[in-house]
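Report on the following structure.
As the structure lists them, so they are numbered: ligands from 1, and atoms in each ligand from 1. Counting from 1, the numbers follow the sequence of the chain as shown.
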Amino acid sequence: MTRPARARINLQALRHNFSRVRQAAPDSRSMAIIKANAYGHGTVEVARNLPGAHAFGVACMEEAIALREAGFDRRVVLLEGLFAADDISLINAYRLDVVVHHDCQIALLEQGCLNRPLDIWLKIDTGMNRLGFTPAHAASARQRLAGITGIGEVRLMTHFACADDLSSDYTRLQLGRFGEVAAQLPGECSLANSAGVLGWPESHADWVRPGVMLYGSSPLLGRRAAELDLRPVMTLTTRLIAVNSRRQGDPVGYSGDWVCPADTNIGVAAIGYGDGYPRHAPSGMPVLVNGKRVPLAGRVSMDMICLDLGTQPQAQVGDEVILWGDGLPVDEVAALADTISYELFCGVGRRVQFDYLD
Ligand SMILES: Cc1ncc(COP(=O)(O)O)c(C=O)c1O
């Protein structure tokens with residue numbers, strides 16, 4: 001038997017989640033955010049199943065080239081823009097859009113040679129305090145770009161820091177700052193991430209940029225994905241490779257800090273932090289065995305986890321174990337492991353086999 005750790009990718013769920021974007025923001029075009037290997041789901045397979053996306057957002061040249069080499073001719077946007085002068089020939093060759101967030105990138109474009117109209121997404125920092133021109137510098141950056149031969153459309157964009165929290169005023173502050181810049185400068189505008197799409201209709205503007213909602217995770221604090229009609233795309237599964245009876249008081253796993261509270265069966269499932277299951281998942285974390293919740297028992301190892309099968313005494317070697325996905329929301333697992341779904345998705349390791357199901 002090959003090692004049974006697998007990620008099932010439900011392409012129908014992906015397409016459904018994209019339809020939620022269209023439903024929530026029907027008047028906006030959408031840039032599907034598929035950076036980081038489509039949040040760990042597979043760039044090309046995901047892109048193939050988003051025929052309605054008007055553009056794809058990626059973080060680096062390799063991701064953009066993978067899309068072009070797979071035959072996509074839609075708009076592809078490098079979300080961190082160019083990093084070095086060498087990038088310009090690739091941007092030309094692969095017909096990419098770039099985000100411009102810093103004067104040093106404008107300098108690279110001034111020195112480079114563009115062989116076609118290059119569309120720019122000028123990033124305005126409205127409060128994330130990470131990337132972008134301050135609102136006060138937006139006009140001068142725009143003007144400097146206008147002086148470069150070969151510049152095409154210049155769009156304006158910003159990114160929200162707290163849009164997941166519908167009770168926070170910070171998004172309104174960012175919207176206000178962006179509105180002031182957009183009132184002075186021409187061009188299409190893009191603000192909304194997934195939280196903006198579902199929680200802040202006033203942010204939809206010309207282009208929305210959904211990421212995590214496409215993969216079926218809730219972008220809003222305190223709202224479950226199912227309530228938002230989002231469906232899990234990735235289901236991480238494995239199987240039991242051992243079931244052993246243990247006595248009350250037996251310590252289980254590294255450091256022995258989980259001790260059997262009663263005589264029980266301990267199931268060993270073939271998945272661990274080497275596959276991207278979070279090492280900090282605490283004892284008690286639910287996993288599904290044959291569709292029923294059972295708790296993690298003891299520390300996560302590199303290749304294995306132990307499960308207390310006390311409530312599932314009939315469970316046996318070969319039975320399916322679900323770590324997150326169908327029947328067990330990734331957001332619940334992430335919260336218990338003190339992380340976010342994004343990190344869990346991106347962390348799924350190379351040795352996990354991916355199965356794409358339609
Ligand atoms: C610039 C930009 N836009 C949109 C997104 C999508 O965000 P989310 O996955 O929260 O929808 C990201 C992701 O981090 C991003 O960096």
Indicate yes or no: does Arg75 engage Glu188 in a salt bridge with an N to O separation below 4.0 Å. no
Electrostatic pair Asp275:Arg351 at N-O distance under 4.0 angstrom: yes
For atom 3 (N) of ligand 1, what's the nearest protein heavy atom and its distance? Arg209 NE, 2.8 Å
Residue, atom name and distance, where the atom is the protein heavy atom closest to atom 7 (O) of ligand 1: Asn193 CB, 3.5 Å
At what distance is the nearest protein heavy atom to atom 10 (O) of ligand 1, and which residue and atom is it? Tyr342 OH, 2.6 Å
Heavy-atom contact under 4.0 Å between Lys35 and ligand 1? yes
What is the minimum heavy-atom distance between Leu82 and Gln105, and which atoms define it? O-NE2, 2.9 Å
Should Gly211 be counted as touching ligand 1, given the test is an N or O pair under 3.5 Å? yes
Would you check the N or O atoms of Ser194, main chain and side chain alike, for any that come under 3.5 Å of an N or O of ligand 1? yes
When only distance counts, is Tyr39 in polar contact with ligand 1, meaning an N/O pair under 3.5 Å? yes
Proximity to ligand 1 by part of His159, non-hydrogen separation under 4.0 Å: side chain
Numbered atoms of ligand 1 (with element) below 4.0 Å of Val212, judged on heavy atoms: 8 (P), 9 (O), 11 (O)
Shortest non-hydrogen contact from Ala315 to Leu240? CB-CD1, 4.1 Å
Can you name the closest pair of heavy atoms from Gly310 and Asp308 and give their distance? N-OD1, 2.9 Å
Short N-O contact, Asp103 and Arg144, less than 4.0 angstrom: yes
Structural part of Ile33 in contact with ligand 1, heavy atom criterion under 4.0 angstrom: side chain
Charged N to carboxylate O below 4.0 Å: is that the case for Arg293 and Glu332? yes
